[in-house]
Peer 1: 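Submitted below is the structure of interest, expressed as structure tokens.
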There are 2 protein chains.
Amino acid sequence: MNMKQHDSIRAVVWRDDSLFLLDQRILPQQQQFIELRNARDTANAIRDMVVRGAPAIGIAAAYGVVLAAREHYRNSPQSWKKQIQIDLKILAESRPTAVNLFWALENMQQCIANIESDPFPILLKQAEKIYQDDIAANYTMGRLGASLINNDGRAVLTHCNTGSLATGGFGTALGVIRQSFIDKKISAVYADETRPWLQGARLTAWELVQDKIPVTLLCEGAAASLMRQGKVSWVIVGSDRIAANGDVANKIGTYSLAVNARHHGVKFMVVAPTTTVDMNIASGEQIPIEQRATDEVLACGGKRIAAEGAAAWNPAFDVTPAELVDVIITENGIVQNPTLQKMQDMMRGKPV
Amino acid sequence: MNMKQHDSIRAVVWRDDSLFLLDQRILPQQQQFIELRNARDTANAIRDMVVRGAPAIGIAAAYGVVLAAREHYRNSPQSWKKQIQIDLKILAESRPTAVNLFWALENMQQCIANIESDPFPILLKQAEKIYQDDIAANYTMGRLGASLINNDGRAVLTHCNTGSLATGGFGTALGVIRQSFIDKKISAVYADETRPWLQGARLTAWELVQDKIPVTLLCEGAAASLMRQGKVSWVIVGSDRIAANGDVANKIGTYSLAVNARHHGVKFMVVAPTTTVDMNIASGEQIPIEQRATDEVLACGGKRIAAEGAAAWNPAFDVTPAELVDVIITENGIVQNPTLQKMQDMMRGKPV
């Protein structure tokens with residue numbers, strides 16, 4: 001694998017003092033960047049899924065704060081810190097589940113508190129740091145996760161997209177998969193297509209094809225058969241928020257995989273940076289699960305499918321209880337069979 | 001519910017000495033019948049999923065034999081019984097998993113053996129009998145299945161389409177659901193959209209909307225969350241082939257539901273006529289599972305979705321082992337916790 005290939009995929013680009021987001025709604029057929037000029041547009045882009053994936057959402061929001069600071073400081077160098085608060089609120093309301101968003105906004109907010117001059121260069125540097133720290137965390141997690149994979153001839157199964165498009169670069173679960181492929185521990189990947197947004201079919205397959213990692217798509221309904229046939233040794237997924245006890249919120253469909261993995265003796269790995277861990281909530285029951293528009297289910301490929309009069313239930317995420325999680329990987333380390341104590345130790349940087 | 005409403009949906013229609021199949025590939029947006037003139041065209045229609053659903057495939061194939069007999073008897077009243085064999089073979093090769101197809105062809109073959117005059121009226125009568133027997137079986141199964149449902153305020157979950165479109169009329173799993181609604185034991189139905197063909201979104205929702213039974217669609221990945229939230233008391237599905245030990249082949253995604261149902265304490269019911277039971281095979285391992293074109297997964301709503309270079313795995317069915325099946329309903333009775341002995345007794349018409 002040419003490392004430069006996946007390095008060339010960037011969901012979030014800051015260039016010529018402007019924020020550009022790769023429009024992930026139209027990938028892979030079209031590769032088109034959208035320029036964002038202020039925080040409101042950035043919030044809309046997050047809500048509309050121009051950018052998605054918990055770490056990438058956090059990075060995009062951080063740059064949204066940079067845009068807001070520039071605008072408000074230009075308009076009013078005296079009161080920009082007050083005026084930017086509404087933008088921070090708008091960004092925070094763009095999506096509810098991924099805690100990376102709130103973490104990034106809080107991180108930028110703390111930076112704002114200490115600024116006493118033009119905020120633009122300082123906040124831009126902070127956003128870049130969040131971006132670069134995420135990439136560094138991905139590479140660390142890739143190595144840690146891959147260390148657990150044995151070359152037993154079986155493939156791994158992943159869900160949704162957790163690659164360069166969902167992060168600063170390299171990826172969380174997909175980073176572990178990439179590293180495992182580089183290390184010759186796996187030679188093939190199965191990817192759930194991931195209805196209703198088809199991130200697996202559209203994004204994960206696209207990333208893996210570019211890396212020349214053999215990828216086979218399947219409908220979510222087929223994953224149980226795949227496990228029964230012994231085709232996969234691990235399910236490897238990302239997360240949008242991990243509670244203090246190790247309960248994991250992730251893209252809808254993840255929990256079903258976890259139940260099936262346990263039933264079939266397949267191991268279940270969650271890969272997410274510490275920015276995804278929310279030690280302020282005790283368990284997954286407290287994670288707000290976003291309900292999205294029913295049209296996402298009632299239509300498919302942009303075409304209305306279901307009969308008029310049919311309703312739809314469209315939770316964007318589900319929660320996998322810690323007892324079904326074999327291992328959580330963060331850049332701080334490997335947490336086997338997660339518990340509150342182990343999560344606390346890991347977050348403090350103690351060996352787990 | 002107006003019983004005439006679902007009675008008006010017919011997948012297979014014999015009219016003016018011609019066979020018409022409702023083209024289920026374009027429902028519900030278009031309601032269009034295709035006229036079939038011979039057995040080859042009927043086999044192609046089955047393969048291409050103009051008609052689908054195990055009982056409906058069997059019925060369509062029986063009429064295909066009628067068309068074949070008329071053609072060959074006209075051409076050669078002396079040797080039609082020989083010439084029809086190739087058509088029976090072509091029909092048998094149209095799809096591999098649903099045993100109703102082979103049952104219907106065998107049934108027609110036995111009828112052919114005894115014919116010594118113009119076969120058309122005799123075989124037409126036999127096809128009509130297969131059709132009417134299936135409808136009668138559906139109503140019986142509807143009553144038997146509904147007798148097991150308690151009105152506990154919860155909904156039921158179904159997968160794929162098992163209604164009038166998949167059978168002679170009324171339906172197998174959907175027949176139980178219809179009867180349970182009529183009996184006021186349930187007031188709402190959840191239906192998996194059922195990728196890749198979206199039979200749930202396109203067909204089941206359409207049937208239930210016409211019956212004014214409230215239906216909520218969900219992506220397969222959301223079913224586990226639905227169960228965890230206690231929203232459903234039963235998963236009710238059909239089958240394409242049931243082995244002698246009670247293992248059940250059904251639409252891909254069924255097995256995942258069964259694993260999740262057991263994990264969550266949700267009951268799992270399979271509804272299928274005895275024509276779906278294959279006592280000649282000991283277990284589900286011997287059921288041939290059709291692999292369909294990868295384009296069905298790589299595309300969605302007729303549009304290519306996945307990146308070029310991605311592969312797909314597209315088994316059309318999966319096998320749920322008998323130990324995950326709480327009850328099998330046939331027109332012969334209710335089989336709780338199926339075993340070989342119980343299945344044998346049921347097939348012989350003994351009380352189980």
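First the proteins, then the strands, lettered A, B, ... as listed; each starts at 1. These figures come from a predicted structure and were not determined experimentally.
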Peer 1: Select, from A:A224, A:A311, A:A191, A:G200, the one with the greatest count of heavy-atom pairs under 4.5 Å involving chain B.
Peer 2: A:A311

Peer 1: Hey, are the side chains of B:S256 and A:S256 touching, using non-hydrogen atoms and a 4.5 Å cut-off?
Peer 2: yes

Peer 1: Are A:V271 and A:I236 packed together at the side-chain level, in the sense that at least one heavy-atom pair is separated by less than 4.5 angstrom?
Peer 2: yes

Peer 1: Below 4.5 Å from any heavy atom of chain B, which atoms of A:V209 appear? Answer side chain, backbone, both or neither.
Peer 2: side chain

Peer 1: Between B:I252, B:D192, B:T294, B:I289, who has the most heavy-atom pairs with chain A when the cutoff is under 4.5 Å?
Peer 2: B:I252

Peer 1: Looking at A:G221, A:P28, A:P315, which makes the most heavy-atom pairs under 4.5 Å with chain B?
Peer 2: A:G221

Peer 1: Go through the steps for B:S283 and B:N245 under the test side-chain hydrogen bond (donor to acceptor under 3.5 Å, both in side chains), then give the verdict.
Peer 2: CA-CA 6 Å; B:S283 79; B:N245 69 342; 4.8 Å; no

Peer 1: Can you tell which of B:L203, B:L298, B:V297 has the highest number of heavy-atom pairs within less than 4.5 Å of chain A?
Peer 2: B:V297

Peer 1: What's the separation between atom SG in B:C160 and atom CG in B:L257, rounded to the nearest 0.5 Å?
Peer 2: 11.0 Å

Peer 1: Would you mind checking which part of B:E296 comes under 4.5 Å of any heavy atom in chain A, side chain (CB onward), backbone (N, CA, C, O), both or neither?
Peer 2: neither

Peer 1: For the side chain to side chain donor-acceptor pair (under 3.5 Å) test, which of B:K251, B:Q199, B:R52 pairs with B:N161?
Peer 2: B:R52

Peer 1: Counting heavy-atom pairs under 4.5 Å with chain A, which one of B:E193, B:M227, B:R228 comes out on top?
Peer 2: B:R228

Peer 1: Just so I understand: if I count every heavy-atom pair under 4.5 Å between each of A:Q29, A:R202, A:E220, A:K303 and chain B, which residue has the most?
Peer 2: A:Q29

Peer 1: Quick one: what part of B:N314 sits under 4.5 Å from any heavy atom of chain A, side chain, backbone, both or neither?
Peer 2: neither

Peer 1: Would you please indicate if the ring centroids of A:H264 and B:Y255 are separated by under 6.0 Å?
Peer 2: yes

Peer 1: Check each atom of B:Q229 against the heavy atoms of chain A and say whether the ones under 4.5 Å are side chain, backbone, both or neither.
Peer 2: side chain

Peer 1: Which one of A:L226, A:L208, A:V319 has the most heavy-atom pairs closer than 4.5 Å to chain B?
Peer 2: A:L226

Peer 1: Checking the side chain of A:D318 only, and the main-chain atoms of A:T254 only, is there a donor and an acceptor separated by less than 3.5 Å?
Peer 2: yes

Peer 1: Which bit of B:I26 is near chain A, if near means a heavy-atom gap under 4.5 Å: side chain, backbone, both or neither?
Peer 2: neither

Peer 1: So which of A:S225, A:A205, A:G253 has the biggest tally of heavy-atom pairs under 4.5 Å with chain B?
Peer 2: A:S225

Peer 1: Hey, is the main chain of B:R25 close enough, under 3.5 Å, to the side chain of B:D23 for a donor-acceptor pair?
Peer 2: yes

Peer 1: Strictly below 4.0 Å, N to O, side chains only: are B:E290 and B:R95 in salt-bridge contact?
Peer 2: yes

Peer 1: Tell me, for B:R304 versus chain A, whether the close heavy atoms (under 4.5 Å) come from the side chain, the backbone, both or neither.
Peer 2: both

